[in-house]
Amino acid sequence: MLTMEKLIAFCRSRGFIYSGSEIYGGLANTWDYGPLGVEIKNSIKQAWWKFFVHEDKNSVGMDGGILMNPNVWVASGHVAGFSDPLMDCKSCKTRQRADNLISNSKQGKEIDPDAMSVEELEKFILDNKLVCPNCGKIDWTNIRQFNLMFKTSRSAVADVENTVYLRPETAQSQFVNFQNLQRTSRLKLPFGVGQIGKAFRNEITPGNFIFRTVEFEQMEYQLFCKEQESMDFYNEYKQKANEFYTKRLGIKQENIRFENHENLAHYAKAAVDAEYLYPFGWGEIGGTHHRGTFDLGNHQRDSKKSMEYQPEGAEKFVPTVIESSHGCDRIFLATLLDAYNEEEVSPGDTRVVLKLKPNLAPYTVAVLPLQKKNLTEKSEEVWSNLSKHFSVTYDETGSIGKRYRRQDEIGTPICLTVDYQTLEDNTVTLRDRDTMEQIRVKIDDLFTKIASII
Ligand code: ATP
């Protein structure tokens, strides 16, 4: 079975992901994407952008700043309410989330801590004698609400007035720019705006590799529509999320499920999380949220700028928002886990193969000269021509069998071998990653052949 430990070791050794600031002993729960990881992550973002923005004629994109006027976060409710309930263990001095203590306990299996007040959380933990998961003792402080936004200061002198926040979600720049976006793109309702970018949350219990980190990337799409049509769009975008995960990224349907939020925010008509079955259990990868007029309405109230839309010949109104929100790093993790296979090629001989969709693989083609002698020049020529069209790697070290396995492990869909016959008849072999079958192809036909395979 593929455990998280095995996957982390695999990612580190092959260059998908490294621990952050490793040579200084690291910084807990920070990770850097290496050469192979960045290629996959970029491809996931491109696939998302294509699907949500480019393939929809009523959609546009934007790229907002990480730092925003602090009033944005007051209006959005993050300053007052974006917090986790925390308790300290007085015995071992670790900090724990009260809601997680309950949902991870056997007494709390049927309980939904999100629906409980601070007093109810505290009472449940004490009545059920929930112990500290670190030291096993029961010696809790009271619960304190801990805001998850990272604060920083804009000038050399830190004071309250200069406090700015690192955005905890990308969505707010789509909301505060609503009028700019609508006016400059001349779109009529319904229309949507996609955005991909970094978000930051001071998570108290980060973990599970890149699943929960303090710095991560979101891909968020906000659809602005009329209230009357909003539930239809909500259902459509829920389906669309599923299609993105399974059809565009190739994640197996049985590993995806949708869980409705039981306790809706007061302004929301519906909300659903999409979850992936990770080795540590089901975990959220994205969500579809009916946000009503909450965001635009609050920004209108606080900024005193109209957030209304004026239809032709009708009353103006504040549009309703349907949000399709996705975590890029969690999706990366799900995509990798889902693609990872260990296959017995012959008795006692197992290969690791990443069955990524060809458009997500770090490299589409690996050019492999059968031997260095006399074949390098021709191989480099093939590599150079193909690299103008595809993502191509080049490897001439080790036996050809070992090189095939190296490419299988990193998901390269096509291995191209240049051999002595190539010098005679200008043909090469193409080997398919999944079937391992080989065909002979003329160099002149390579572009068409590779394009048809991927
Ligand atoms: P969770 O309940 O797991 O903390 P959330 O409901 O707070 O997540 P949202 O606010 O809906 O998450 O954010 C949208 C998406 O951003 C999530 O579905 C997830 O994929 C991603 N995300 C949120 N928090 C993190 C994090 N700390 N690390 C990595 N990705 C995250």
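Note that ligands are numbered from 1 as they come in the structure, with each ligand's atoms numbered from 1 the same way.
- Side chains of Thr412 and Arg433: a donor-acceptor N/O pair is absent below 3.5 angstrom, by distance only.
- Among Glu284, Glu220, Glu215, Glu217, the residue whose heavy atom sits closest to atom 11 (O) of ligand 1 is Glu284.
- In terms of polar-atom proximity, Gly327 is counted as a contact of ligand 1, with an N or O under 3.5 Å from an N or O of the ligand.
- For the pair Lys41 and Tyr33, the cation-pi test (distance below 6.0 Å, angle within 45°) is passed.
- Within ligand 1, the atoms closer than 4.0 Å to a non-hydrogen atom of Gly286 are 18 (O), numbered from 1 in the order shown.
- Both cation-pi conditions hold for Lys240 and Phe52: the charged atom is under 6.0 angstrom from the six-membered ring centre and inside a 45 degree cone around its axis.
- Separation of the His78 and Tyr165 ring centroids does not fall under the 6.0 Å cut-off.
- Under the 6.0 Å distance and 45° angle rule, Lys269 does not count as a cation-pi partner of Tyr234.
- Cation-pi geometry between Arg291 and Tyr267 is not met at under 6.0 angstrom from the ring centre and within 45 degrees of the axis.
- For atom 28 (N) of ligand 1, the closest non-hydrogen atom on the protein side is Thr213 N, 3.1 Å.
- Nearest residue to atom 13 (O) of ligand 1 from Glu203, Gln218, Glu169 is Gln218 (criterion: closest heavy atom).
- Listed for the Arg167 side chain is a donor-acceptor partner under 3.5 Å among the backbone atoms of Gly65.
- What sits closest to atom 29 (C) of ligand 1 on the protein, heavy atoms only, is Phe211 O, 3.1 Å.
- Closest protein heavy atom to atom 19 (C) of ligand 1: Arg330 NH1, 3.5 Å.
- Looking from atom 4 (O) of ligand 1 to the surrounding protein, the closest heavy atom is Arg212 NH1, 2.8 Å.
- Counting only heavy atoms of the protein, atom 22 (N) of ligand 1 lies nearest to Phe216 CE1, 3.5 Å.
- Under a 4.0 Å heavy-atom criterion, Arg201 is in contact with ligand 1.
- For atom 14 (C) of ligand 1, the nearest non-hydrogen atom of the protein is Ser325 OG, 3.0 Å.
- For the residue pair Asp338 and Asn255, a side-chain donor N or O sits within less than 3.5 Å of a side-chain acceptor on the partner.
- Only the backbone of Ile285 comes within contact range of ligand 1, with a heavy atom under 4.0 Å; no side-chain atom does.
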